[in-house]
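Only one structure is covered here, and it is reproduced in the block below.
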Amino acid sequence: MPELPEVETVRRGLEPAMVGERFAAIDLRRPDLRFPFPERFTERLTDRRVEGLRRRAKYLIADLDGAELLIMHLGMSGSFRIEKAGGLTHGAPLLGARPKNSAHDHVAFELSNGTRIVYNDPRRFGFMQLIPRPEFAAHPLFKNIGIEPLGEELDGATLARLFAGRTAPLKSVLLDQTLIAGLGNIYVCEALHRAGLSPRRPAASLARKDGGPNKRATLLARVIRDVLNEAVAAGGSSLRDHRQTDGALGYFQHSFRVYGRDNEPCTRCGGKVRRITQSGRATFYCGGCQR
DNA sequence: AAGCGAACCTGGCTGC
DNA sequence: TGCAGCCAGGTTCGCT
């Protein structure tokens, strides 16, 4: 499910509910998700206070008042929902706020103010880890993570440097989390369409011979930022599983120009949107205006 | 080294 | 209606 905009949406939903609270109890319903939960997971969290909630790539990172960080990844189908003490409060209950199948509620964090934060993940590709704060940068999960696309580093020059010498298709390289962190299948397809670049083009074609950026690289860097910022503002894209923490749907899926639109006309040139497979994943693009 | 396909797991949709 | 097959927003492992 979740690419950078969806994870950021979840972070913004959880932050006001969690930060400043302590974990009063942890309701752990199974021993593992994608990986086993850490040893003594509930004991290590209980009574810890959440000092902050950050995002790095597609990871959520809760800063705890002890020496540890709680790392959470949503995999393909993970979601959090917030249940305030006394039930869902303000206004009418949001339709669908509660997943049909609570059998996939795997963890509930019970906070000191009575709020419950429930993690649901049907496919269980998500996971949680506890790592010592000093080990964060060198930790295997994070040491090879690439730049933040909404940070300062992403510009044409950086793209050209990252892509120089790469013969793999632009689409595959943009999905490589060790280069740029947070892009996934949807937003790569959408950014390439906005930039008018073919997903099949060799990544190195965005660098000049001297390694500097060409106009394509500069344009691509800009539209990556644009599409991610617009998606965050829309609360992410809800195709199947993604919900905001109050149960509301994201709505950026209504703004897709190519993703999931195979055989439809391109909104820019009227050509037909095509679907191909690259590295085992669906790619959507317009053969007419993406070169 | 880089690039690609398979695997992890469940649910939803399509087509016979 | 039922069932087989295919597909899904991510990441990692193993084989060229």
Side-chain angles (χ1 to χ4, degrees), chain A residues 1-11 29-36 55-60 71-80 96 99-106 119-129 139-146 149 162-192 199-204 227-228 231-232 234-244 249-256 258-263 275-284:
Chain A
M1 146 199 170
E3 307 182 30
L4 185 153
E6 290 73 36
V7 178
E8 179 60 24
T9 297
V10 171
R11 192 199 68 76
R29 311 272 179 85
R30 56 175 299 126
D32 56 42
L33 295 170
R34 176 175 191 162
F35 307 118
R55 179 191 57 74
R56 173 76 170 104
K58 299 170 191 169
Y59 293 88
L60 291 169
I71 310 297
M72 297 170 279
H73 194 288
L74 303 176
M76 289 280 269
S77 59
S79 64
F80 282 98
K100 282 184 213 160
N101 199 346
S102 62
H104 300 301
D105 288 351
H106 304 308
Y119 180 69
N120 182 282
D121 187 356
R123 294 177 71 179
R124 304 201 305 273
F125 284 171
F127 60 92
M128 297 188 188
Q129 284 287 303
H139 191 275
L141 288 175
F142 297 103
K143 68 178 178 191
N144 292 320
I145 292 278
L162 292 173
F163 293 176
R166 299 239 167 202
T167 59
L170 192 48
K171 161 78 184 308
S172 305
V173 173
L174 286 167
L175 285 174
D176 185 339
Q177 302 295 298
T178 70
L179 302 176
I180 304 172
L183 293 177
N185 211 29
I186 291 176
Y187 299 107
V188 167
C189 291
E190 292 298 312
L192 287 173
R200 312 165 70 152
R201 160 189 291 280
V227 72
L228 293 177
V232 170
S237 302
S238 293
L239 296 185
R240 280 165 275 283
D241 301 301
H242 170 64
R243 286 180 184 272
Q244 303 185 44
L249 298 169
Y251 56 88
F252 191 74
Q253 67 277 13
H254 302 302
S255 301
F256 292 170
V258 286
Y259 188 85
R261 304 181 78 102
D262 42 323
N263 295 320
R275 179 202 157 111
I276 60 173
T277 299
Q278 291 179 293
S279 302
R281 324 236 6 225
T283 297
F284 300 91

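A, B, ... follow the sequence lines: proteins, then strands. Residue 1 opens every chain.
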Candidate nucleotides [options], ranked by approach to the side chain of [X] - the nearest:
X	options	result
A/Leu141	B/dG3, C/dG9, C/dT12	C/dT12
A/Ala282	C/dA8, C/dG10, C/dG9	C/dA8
A/Arg124	C/dG10, B/dC4, B/dC9	B/dC9
A/Arg275	B/dC4, C/dC7, C/dG9	C/dC7

Comparing nearest nucleotides in DNA chain B, the 5'-proximal residue of the pair A/Val173, A/Arg240 is A/Val173
Which is more 5' along DNA chain B, the nucleotide nearest A/Pro122 or the one nearest A/Gln278? Just name the residue.
A/Gln278
A/Arg201 atom CZ: more than 12 heavy-atom contacts under 6.0 Å
yes
Would a distance-only check, ignoring hydrogens and angles, find a side-chain to backbone donor-acceptor pair under 3.5 Å from [X] to [Y]?
X	Y	value
A/Arg55	A/Ala57	yes
A/Glu3	A/Asn185	yes
A/Ser238	A/Leu249	no
A/Thr277	A/Arg281	no
A/Lys58	A/Gly75	no
A/Thr9	A/Pro5	yes

Given the [atom1] atoms of [N] and [M], what is the spacing between them in whole Å?
N	M	atom1	result
B/dG5	C/dC7	P	14 Å
C/dG14	B/dC9	P	16 Å
B/dA6	C/dC6	C1'	16 Å

For the base of B/dG11, is there a side-chain donor-acceptor partner from A/Arg123 under 3.5 Å away?
no
Counting only distance, no hydrogens or angles, is the base of C/dT11 paired donor-acceptor with the side chain of A/Arg34 under 3.5 Å?
yes
[atom1] of [X] versus [atom2] of [N]: gap in Å, rounded?
X	N	atom1	atom2	answer
A/Glu6	C/dA8	CD	P	16 Å
A/Lys58	C/dT11	NZ	C1'	9 Å
A/Phe163	B/dA2	CZ	P	14 Å
A/His139	C/dT11	NE2	C1'	15 Å
A/Asp32	C/dT11	CG	C1'	16 Å
A/Tyr187	C/dG10	OH	C1'	14 Å
A/Leu175	B/dA2	CG	C1'	15 Å
A/Lys143	C/dT12	NZ	P	12 Å

For [X], report the nucleic acid contact type (base, sugar-phosphate, nothing); a contact means any heavy atom under 4.0 Å.
X	result
A/Gln177	sugar-phosphate
A/Thr167	sugar-phosphate
A/Pro169	sugar-phosphate
A/Tyr259	sugar-phosphate

For a quick test of reading the model: is some side-chain N or O of [X] closer than 4.0 Å to OP1 or OP2 of [N]?
X	N	value
A/Arg281	C/dA8	no
A/Ser279	B/dC4	yes
A/His104	B/dG11	yes
A/His73	C/dT11	yes

State yes or no: are the ring centers of A/Phe142 and A/Tyr59 separated by less than 6.0 Å?
yes
Between A/Asp121 and A/Arg123 (salt bridge meaning N to carboxylate O under 4.0 Å), is one present in this structure?
no
A/Phe125-B/dC8 aromatic stacking (under 5.5 Å, under 30°)
yes
Here the helical stems involving DNA chain C, each at least 3 consecutive Watson-Crick or G-U pairs closer than 3.5 Å, sorted by first residue number, are B:2-8 with C:10-16, B:10-16 with C:2-8
